[in-house]
Structure formats: structure tokens, C-alpha cells
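Notes follow the structure.
Each chain gets a letter, A, B and so on, in the order its sequence line appears, and its residues count up from 1. Just so we're clear, the structure is a prediction, and the values are computed from it rather than from any experiment.
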Amino acid sequence: MLEKTYAPDAVEKKWVEAWSKAGLFHSEPSRDGRRAYTVVIPPPNVTGALHIGHALNNTLQDVLVRWHRLHGREACWVPGTDHGGIATQNVMEKQLKAEKLSRHDLGRERFLERMQAWTRDCKKTILGQLTRLGCALDFGREAFTMDEARAKAVQHAFKEFYDAGLIYRGARMVNWCVRCGTALSDIEVEHEDRKGKLWHIRYPAEDGGPGVVVATTRPETMLGDTAVAVNPSDGRYATLVGKPLRLPLADRVIPVVADEHVDSAFGTGAVKVTPAHDVNDFEIRSRHPEIGSLQVIGFDGKMGPEAGRFAGLSREAARDAVVAALGEALDEDGAPLLVKTEDYKNAVGVCYRCQQSIEPLVSEQWFMKMGPLADKAKAAVDDGRFHIHPASWEKSYRNWLANIQDWCLSRQIWWGHRIPAWYCLKCNDVGDKPFLTLKGLKAVISAEKPASCAGCWGREFLQDPDVLDTWFSSALWPLSVFGWPSKEGNKDFSFYYPTDVLVTGYEILYLWVARMQMMGLHFEGRVPFADALIHGIVRDKAGKKMSKSLGNVVDPLLMMNKHGTDAFRFALVSQAHPGRDIPFAEDSITGPRNFANKLWNSTRYVLDYALKNEPAPAGGYPLCALDRSALSMADRWILARFEAVGAEAAARVAEYNLAAAADALYGFLWDEFCDWYVELSKASLADPARATAAKTVLVQVLTGTLKLLHPFMPFITEELYQALKAYAGETAEHAFQAGAPRPEGWADADAVAEMEFIMSAVGSVRATRSQLNVPPASKLKAFYKGDGTTAKRLTANSDMVLHLARLESLEHAQARPPSCATAVAGDLTIFIPLEGLIDFAKEKVRLAKDLEKLVKELAKSEAMLGNRSFIERAPEAEVEKVRAQRDQSKAQAEHLKDTLAALGS
RNA sequence: GGGCCGUUAGCUCAGCGGUAGAGCGUCCGCCUUACACGCGGUAGGUCGGGGGUUCGAAUCCCUCACGGCCCACCA
């Protein structure tokens, strides 16, 4: 006997343990001849516990994995975590800061030891949470982006790219985060609109003339100016080009150059040029090499020695100081050099890990040439080898690939894959210069320290101190988790690769998805997954992004503990509409929680009430044992509906609309199975001739629905599956291993139409009762008037109607009995004598209202049918539908008119 | 500066060419022997505005407005 209400705690705990003990989610290549269904987890960074976004991401994957396992595939879902580069190092540095330490206090080796220890704990937490969420991960395959196997893949890929000339080292302007102390790739820079100022500064001519006024948002960089640029076609400045200007605050003279890049219409039409600190200016210098470059801001974000009296100040302080100094500076005529200051809003590049503004700086870095790789990735979307769901993302994806820039790979941090490049100390003049400024180094690419230099036989080497962008190893993930590059005898790789689908959020579409596509296409010549399911972000109730600082984060563990994991999962999935973010309110779990309870009680009904807890017969109650022709209309109806819903859910899953699949199953179980079939079965069970069929249908449809719901709500469905499986004749030990219900041709349009009529007739009587305040408990006699198909349907199923509408009898009547209420069903009229109970004034108002509605509908239908274009151009089926509608409205209206006339006006 | 998405019932959202739907909330009545985490009933919308295409538009096209997001080297 089951308890009255479903209590998730114990059930979830029990199955988490049992599944783990049974190794239920372990996959083997080629087992039972099943085709692989492979999913690799987007490995969470080892930065802490999982958030609600992870819960969504992993629930969606779990639904897909379990669904496909149910449908006969050898599902393999690979778990793992990501070392997370800068993000994780930042977490550790924060911890150290609390101990008043920096990573430099520890030194590289001890720092990495601490990182390893932290990573171990963090992995445990993360995998524990995924287990708690019910994820059917193949835990034996756990991978980490920085473990030995993955390191091999990284080193191999790096060398291959290097040998192919796609990876190179060079001096370029990069996005430098002064707080994180490292270069970043372009996509790791976020753009934020910030309020700032636009300062207009006069640079007087060296000969004492007025010179030019330039406008800048970053006055501190003027200390590094080496020119002023104007557009060559700008007449205002034509005579100034080539003339020297005096750079205020610095004791220097700089030229005016002409460059096409300058927009004459913006500001004053003259731009100060700081090649060391601005990407555009860097470009201008490449066209005018003679102007040179002067770096005034260091990698630490402080003004360097070239900044003169401002040296040592932070960027921010230097800005204030420069502006203040300009404010006091006058030109030879005594006019202020700071001509104007205006408010200005501009987009500032910001580090995606620490939100500090990015400093463009020139340095020596490793880069990857992306053009050829991007072309292949673009071709894969263009020709349909790769699909993004929803497809609206494909346009942005293509666009990004088409405009791709080279990828800055090196990071000046410690936590990551060390770049496998070695510099012979004899061939390279390393000295004690900062590594970032070393130019023209000759590298030997090798995972291990080379034995000797091929050029000079030197044996002393310096390994590149930098590490790789964390996304480099992530990009190889679908390959590396299956042991790539090792392929010979690698059954895992040949069976599971390429994977089937990648599920992730749109925020890492370029950062990660695109790069996996590029790597997969480059190394294996095929896409690493043919489909990407891109889901939205879980936001707070008000639609704001969740963040610790806003204090609006929702802890998934808390939700699971409070409401049950299945309910939480279902709440997430049913709101995960393709292409939409999810504004998550805790209330939204209530419905799914109630639904879980509904499942629970449906099973209680079947086991305790319908089957009276009798032991299951051998083989259970199989559908094949039933005589199809002897089934009741309700049996045939629910079987038809069940099969249709199974197909509908499958279609929705196939198009990656999991919310719609969940909704279809929810509606079927609750609105059709429980509200109608279960109610009807109560009568059938009392009739020995129909009892076995009813039991069979109850058991089979319920068990089948539970199986289909299992991917969405694994715990409760497993629990109930265990209770039902003997009755259902199911042989699989766990719901996870069960087979999906197979289509057996239960489609039955007649039964569906008949049942729909019965439902509308019952609904009509119920509404009448309710509107006239007839006590639900009172059983009433009723009469119907009319004949034909609908009358036959009514009489053939009168016992159902009696039960559902709480009637005592339903008989044919030629005329309207006295003192009765009227209900309309199809083209029939149902009379319910209510002597003494009925308020005729009220009844008349009610009927008049119904009539009004009908008349409106009738007019609409007739208007359509009166439209010749409609008759001629609309498909015949549509016209027929309207005709049928017209006929019904007409008949019902007539009945109501008669009734109203009988009641007197 | 480009691009994408959204604007449908009080709220959150489905529907995306054939006479407006769900969940929650409202209101009314029910402890009807699976479930009050329930049952039955009810109210509530000119589908952001304006044009167009079509026999027919919430659904397709154009345009405007208001939100949100992504990309972008306008000082």
C-alpha cells in the first residue's frame, strides 16, 4: 500500500544509491547491438557548487539521454569538469587574499598543489550534485580537462596546429586584463556602456600656432601619443599635415599624419594617436611606421617611466592627474589647453572574469590562425551537417565565423595547460627581460623537455611560462573524452564519436560550441555533434540575471530538498521553451509537485483500488491478451490517445522542444487518463464482463505513461514502475532500461469522436447542474430528445454519462418534461427535471446567454459559407468543417429557442 | 553602427495561415470510497500600433513604438 501523498526524500535517496550500486548508467560499446546515443557534458568549471543554470542544462541532457535509452539507443553521457583557467585561479587568489597571501608568495609549484587539492574537493561536490539531480551519467568515464588523458590531447593538437602553420607566436596588440594579469582573447572581452567624458585638448603647433584640438575619452594615454591623425581629404587640416605639434604635459614634438581611418565628422576630426595603447592607433602606426610607439602604461596597470611625472600612478589616478594638469595649462596666448569637457557614453571593454576595464597592450603571445578552421565550420552549417536549435542562432553563428579574428591562446596565469614550447637557452637570448617582451624566440614544440637543441645541441631549455586559454582544452572535449588522439583499437572512440547532441547555453556559443566544431572538423573531418541544443538562461522571477551581488540566486539543492527533485526538474524543463530565457519563480514548482502527486495517486488507484493488491498473474496484464473487438469505447479511446501522445512527445523531443513534450505528457496523464478514463474505469471494474479489460488498460496505459515520463521525472517514475512492473509484464529491472511503448495500431478515429461527444454531453450536464446550483451529491433523472448518430452514441454509452454526470437515469423523451433545465450536446437536447429546485428566471437568463453565443457563432459560420471566394478557394475539408459547425450551431440554437418558448417569455 | 529575440487572459508563457490556449491566480459549488498537492463549474483577451498579402492573419510581408540580448577598433 502506498502512502496517500508522495514524499520524495526517501524515494530519491533510495534510487540514487541503488542506481549507483547497479552501475545502471554505465555504457558499453555495441552492447546488444544498440546504436550509440552520445552526449558529453559541458564540463562545469571547478569554481564551486553548481547553480540553477547547471541544473537546467543537465536536466535537459538527462531527459535526452534517458529518452533515447528508453527508445532503444545505447546511451552514453560522459561526465566531467573543466579546470576553468582564469575563473578558477581567481577563486583561489581570493582565498589566498583572505590569508593575506598572493600566489607569488607560494610560488608556482605550491600554488598548483593548492589548486589541485581545491579541484579534488570541487569535483566531488559537483558530481555529487549531478547525482542528486538524477543525472544518468556514466560515472566510470569521468574526465577532467586537465587530467593526463586530456593533456595528451591538448599537446597533440597544439603540435599538429603548430606544424600546420596555424599556431604562431608574435607581437600583437592584445586585450590585457591588468587585474588578472593576463592577455585575453577577443571573445573574452565584454562590452559595457559606461558613462564617461570626452575631453577636448589643444595640441599647439610647435611654431606657436593654434595647432589642433583632439577629443579623447582617455586623456592619460596622451603621454604616449606619437602623432595626431586627420583624414587626408579633410580640408580644415590640409595645411597642417606633416607639421609638428607640441604635446602638452610631455616635452615632446609629434607630427600630424593623414590617415583614412579618421572620421572627419566625429569630434574635431583630429585624433590623437597612441600606438601602444589603442588598437586603431596601433593600426595607424603600421601605416606610418615613422611615428613610432611609446608605452606609458605597464602590464600592472600603472603608469611606467615614460609617463614622466605621472609614473607610478594607476591608470585611473593618472587620468585625474592629467586632466587636472591640463586644466591649469595654458597655451602661448594664455588660452586653456583643456578646451572642453563633455559627458560621453561609450562602450568599454571589460574582462569577462573580473569586469575590470581592458587595457590594449602590445605583447608577445601565441596565436591561432582561425580563418581556415572557421571556413570549414561555416560550411558545416551551410550544408546542414550541423544544426543549431533553435535555428535563429545559426545566422549569428555564421556571422561570427565569417568575421573571425585570430585567437590569442596564451595566458599569463599558472592554472592551465602549460604551453608545450621550449626555448633553447643557447639559441635564444632570454636574459632577465620580462618574458612578455621577448621577441623572435625560436621554439621547440614538445610535451616533454627536449633532450637537446637540434640547432646547437644545447641541453638547457626554458619552458614557456604561459598556459593555454582554458577554452583550448574545452574545444577538444568531445574528442578527448574518448581517448583521442589514440584511435587504434580505441573502441570507445569508434563507437561513441561523433556525439549526437551538445546541450548548452547561448552565452558560450562562440567561446565553446564553434571551437569544438572547428576542432572536430579539422582533426576528424566531421562535425563532433550534428545538433546543438541552445537553451536560455535561468533568470530570477523579475527576469533579471541571477548574481551573488544582487542576492537573487536560487540554490538548486534547496529547491530539490523543499519540493522534490522531480518537481524541480519538471518545472525547469516545462519552462525551457526553445529560444527563451526562464524567469524562474519558486511557485512554478508547485504545479509539477502536484503533478508528481497525481502520478502517485493514479498508481495508488490502479494498485489498491483496481487491482485490490492482488498478486500479479504470471506475465501480468498484457494488452495482447485482450480481444480488441470486445473493448469498450473508453478503452479504445484511451489506447488511441495514449499512442498518439507517445508519438507527439517523440516528435517534440526529436525537434528538441522538450517543454512541449513534457506538456503533452502532462496533459494526457492528468486531463485524459485521470479525469476521464480513471473515472470511467470505476464503472467498468464493477462489471465482471469488462473488469479484466479495464484492469489491463489501466495498468498498461499508466505504466507506459510513466515510462515516457521517466526521462523528465526519473525518481517517482522509477518508484512507481517498480510497483507496477509485475502487473504490466515488464521485464526490465529499472525504468531506465525499459523499452518505450511500441505503436501497435491503436489509432481509432471512431472511438475518439464518440468519446469527444460523450465528454461534451457530460460537460454540458455538469455545467447546467453547477450553474443552477444543484448539489453535486444529488442524483438526477434526465431525458434526451433527438435521434441519429449522436443519440446512438449517447444510448450506447449511457452508463458512462450516468456515472460522470451523476445521473440516476437517462431516457428518451418525445417532448420536454415539465419543470426542467436544459442542456445541449451536439444536436441533442438533454432535459433535467428539477421540480422545486429550479429557478426559472435564472434558467431563462442562462439559456438566453447560451443562445446569444450560439447565434453569434451561427452568423459567423453563415457569413463564411456565404462568401463565394471562401467556398471556391478554401480547401474542401475546411469548408466541410464550417458546414458541420453551422449545422450544429443551428440545431442547438433551435433547441434553445424551443425551450425558451416553452418556458414563456 | 549591424544583427537577433520578445510584445497574446491579472501573472508566467504556449500556439506561429483556418472561428484564441495552458499553468498559476479570480469567482462559485463540492472532504463525490486514488488524490483538497484534489473534483466540477465560471469569469477574463479588438493576440503592442499602423499598413499590406490572402477566401481567411495572433500566425506571412512592410513599418512604427517599447523592452531585452548578441556582435562591433568610432577617438
Does the distance from a Lys or Arg side-chain N to an Asp or Glu carboxylate O, for A:R886 and A:E857, drop under 4.0 Å?
-> no

Only counting residues at least two apart or in another chain, list the ones meeting side-chain contact (heavy atoms from CB on, under 4.5 Å) with A:A183.
-> A:V174, A:W176, A:Q365, A:C408, A:Q412

Check RNA chain B for consecutive Watson-Crick or G-U pairs with both distances under 3.5 Å and list the runs of at least three as stems.
-> B:1-7 with B:65-71, B:10-13 with B:21-24, B:27-30 with B:38-41, B:48-52 with B:60-64

In terms of side-chain geometry, is the basic nitrogen of A:E359 or A:R315 positioned less than 4.0 Å from the acidic oxygen of its partner?
-> yes

A:Q771 side chain near B:C28 phosphate (N/O to OP1/OP2, under 4.0 Å) | no

Within 6.0 angstrom of A:K890 NZ, more than 12 heavy atoms from elsewhere | no

Give me, pair by pair, the N or O atoms of the protein and of nucleotides 30-33 of chain B that are less than 3.5 Å apart, along with how far apart they are.
| residue | atom | partner | partner atom | Å |
| --- | --- | --- | --- | --- |
| B:U32 | O2' | A:R806 | NH2 | 3.0 |

So, A:D259 and A:R287, do they make that salt bridge, N to O below 4.0 Å?
-> yes

Report, as yes or no, whether the 6.0 Å neighbourhood of atom NZ on A:K779 holds more than 12 heavy atoms from other residues, nucleotides or ligands.
-> yes

Can you tell me, in whole Å, how much space there is between the P of B:A72 and that of B:G67?
-> 24 Å

Send over the distance from A:F668 CZ to B:A22 P, rounded to a whole Å.
-> 18 Å

Toward the 5' end of RNA chain B, by each residue's nearest nucleotide, A:A265 or A:D193 | A:D193

Is the shortest side-chain N/O distance from A:N346 to OP1 or OP2 of B:A75 below 4.0 Å?
-> yes

Are OP1 or OP2 of B:G38 and a side-chain N or O of A:N594 less than 4.0 angstrom apart?
-> yes

Close N/O contacts between protein and nucleotides 15-19 of chain B (under 3.5 Å):
| residue | atom | partner | partner atom | Å |
| --- | --- | --- | --- | --- |
| B:U19 | O2' | A:K860 | NZ | 2.9 |
| B:U19 | O2 | A:K860 | NZ | 3.4 |
| B:U19 | O4 | A:S861 | OG | 2.9 |

B:C39 phosphate, OP1 or OP2: any side-chain N/O from A:K598 under 4.0 angstrom?
-> yes

Would A:E220 and A:R218 pass as an ion pair if we require N to O under 4.0 Å?
-> yes

Contact class for A:D675 vs. all strands (heavy atom < 4.0 Å): base, sugar-phosphate, or nothing?
-> sugar-phosphate

Among B:C4, B:C70, B:G40, which nucleotide sits nearest the side chain of A:Y510?
-> B:C70

Whole-Å distance, A:H261 NE2 to B:A75 P, equals 10 Å

Does the side chain of A:W600 get closer than 4.0 angstrom to OP1 or OP2 of B:G38 through an N or O atom?
-> no

Just wondering, more than 12 heavy atoms not from A:Q405 lying within 6.0 Å of its CD?
-> no

Among B:C74, B:G40, B:G3, find the nucleotide with the atom closest to the side chain of A:R766.
-> B:G40

Value in whole Å for how far the P atom of B:C37 lies from NZ of A:K562 = 17 Å

Listing, residues 655-665 of chain A side-chain donor-acceptor contacts under 3.5 Å, not counting sequence neighbours, or none:
| residue | atom | partner | partner atom | Å |
| --- | --- | --- | --- | --- |
| A:E655 | OE2 | A:R652 | NH1 | 3.0 |
| A:N657 | OD1 | A:A660 | N | 3.1 |

Grab the CD1-P distance between A:I589 and B:U12 for me, whole Å please.
-> 18 Å

When you match A:R593 and A:Y344 each to their closest nucleotide on RNA chain B, which lands nearer the 5' end?
-> A:R593

Flag this pair as yes if the NZ/CZ of A:R515 is under 6.0 angstrom from the six-membered ring centre of A:W407 and inside a 45 degree cone about the axis; otherwise no.
-> yes

What pairs of donor and acceptor atoms, side-chain ones from residues 505-512 of chain A against any protein atom, are under 3.5 angstrom apart with sequence neighbours left out?
| residue | atom | partner | partner atom | Å |
| --- | --- | --- | --- | --- |
| A:Y506 | OH | A:D581 | OD1 | 3.0 |
| A:Y506 | OH | A:D581 | OD2 | 3.1 |
| A:W512 | NE1 | A:S474 | O | 2.8 |

A:W393 six-ring face occupied by A:R580 cation (under 6.0 Å, within 45°) | no

